[in-house]
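In what follows, residues are counted from 1 in the order of the sequence shown. Remember, it's 1-based here, ligands and their atoms both numbered in the order they're listed. Excluded from the calculations below are hydrogen atoms, water molecules and symmetry mates; all remaining heavy atoms, backbone and side chain alike, are included.
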Amino acid sequence: MANVTFSSPMLHPSKTIYAVAGDTHTVLALALANHIPIPFDCRDGNCASCLIKVTYADPANRKAIALTEKEKTKLRELGKLTAAELEDAEVRDLPPHYRLACQFIVRDEDVTISYTGEPGGA
Ligand code: FES
């Protein structure tokens, strides 16, 4: 089971959701299902309204599915994915710290999702 904590100036206090192991919903879907306000628009990795910063409780054991080409492109356009982070993602399957909530699926790990509440703010 994963603990997903949402932290934003829009939330007082932060809110933790216990995601069911094997859940394949995105962080955006998890937020919406739990009435957590998070900016979004396209839900398809194109607009970056749902940009989030992900902090892993155990950084040495980050788990993630590979970034989609769409997410890589958008994060690079925003300057939120360095060349080193891209190499980590492509070669070592290590996820970067900035993600798009509509693309990111939490695995069996505890994470904190931070965002400002402004579209594209993280
Ligand atoms: Fe548009 Fe996530 S909602 S990129």
ask   = Around atom CD of Glu118, are there more than 12 heavy atoms of other residues, nucleotides or ligands at under 6.0 Å?
value =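 No, not enclosed.
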ask   = If you take all heavy atoms of Cys50 and Cys102, which pair is closest and at what distance?
value =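 Minimum heavy-atom contact is SG-N, 3.4 Å.
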key: Heavy-atom pair with the smallest gap, counting every atom of Ser8 and Gly117   =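 Looking at all heavy atoms of both residues, the shortest contact is OG-N, 4.0 Å.
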Can you report which non-hydrogen protein atom sits closest to [atom], along with the distance?
atom                    : result
atom 4 (S) of ligand 1  : Ala48 N, 3.2 Å
atom 2 (Fe) of ligand 1 : Cys50 SG, 2.2 Å
atom 3 (S) of ligand 1  : Arg43 N, 3.1 Å

With atoms numbered from 1 as shown, which atoms in ligand 1 lie under 4.0 angstrom from a non-hydrogen atom of [X]?
X     : result
Gly45 : 4 (S)
Asp41 : 3 (S)
Cys47 : 1 (Fe), 3 (S), 4 (S)

message = Do Thr112 and Thr55 pair up side chain to side chain, a donor and an acceptor below 3.5 Å, judged on atom types alone?
response =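 Looking only at side-chain atoms, Thr55 and Thr112 do not form any donor-acceptor pair under 3.5 Å.
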message = Please determine whether Cys102 has a backbone or side-chain N, O or S atom lying under 2.8 Å from atom 1 (Fe) of ligand 1.
response =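 False for Cys102.
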request  = Please find out if atom 1 (Fe) of ligand 1 and some N, O or S atom of Cys42 are separated by less than 2.8 Å.
outcome  =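 Coordinating: yes.
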inquiry  = Applying side-chain contact (heavy atoms from CB on, under 4.5 Å) to Val4 and Leu30, what does each step give before you reach the verdict?
reply    = CA-CA 9 Å; Val4 182; Leu30 187 64; 3.8 Å; yes
request  = Please test Tyr115 against Leu51 for side-chain contact (heavy atoms from CB on, under 4.5 Å), starting from the C-alpha separation and ending with a verdict.
outcome  = CA-CA 7 Å; Tyr115 57 99; Leu51 182 69; over 6 Å; no
message = Tell me the contacting part of Asn46 for ligand 1: side chain, backbone, both, or neither, using a 4.0 Å heavy-atom threshold, strictly below.
response =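 Only the backbone of Asn46 comes within reach of ligand 1.
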request  = Please check if Leu67 and Phe104 belong to a single hydrophobic cluster, counting links between Ile, Leu, Val, Met, Phe, Trp and Tyr side chain heavy atoms closer than 4.5 Å.
outcome  =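 Not linked; separate clusters.
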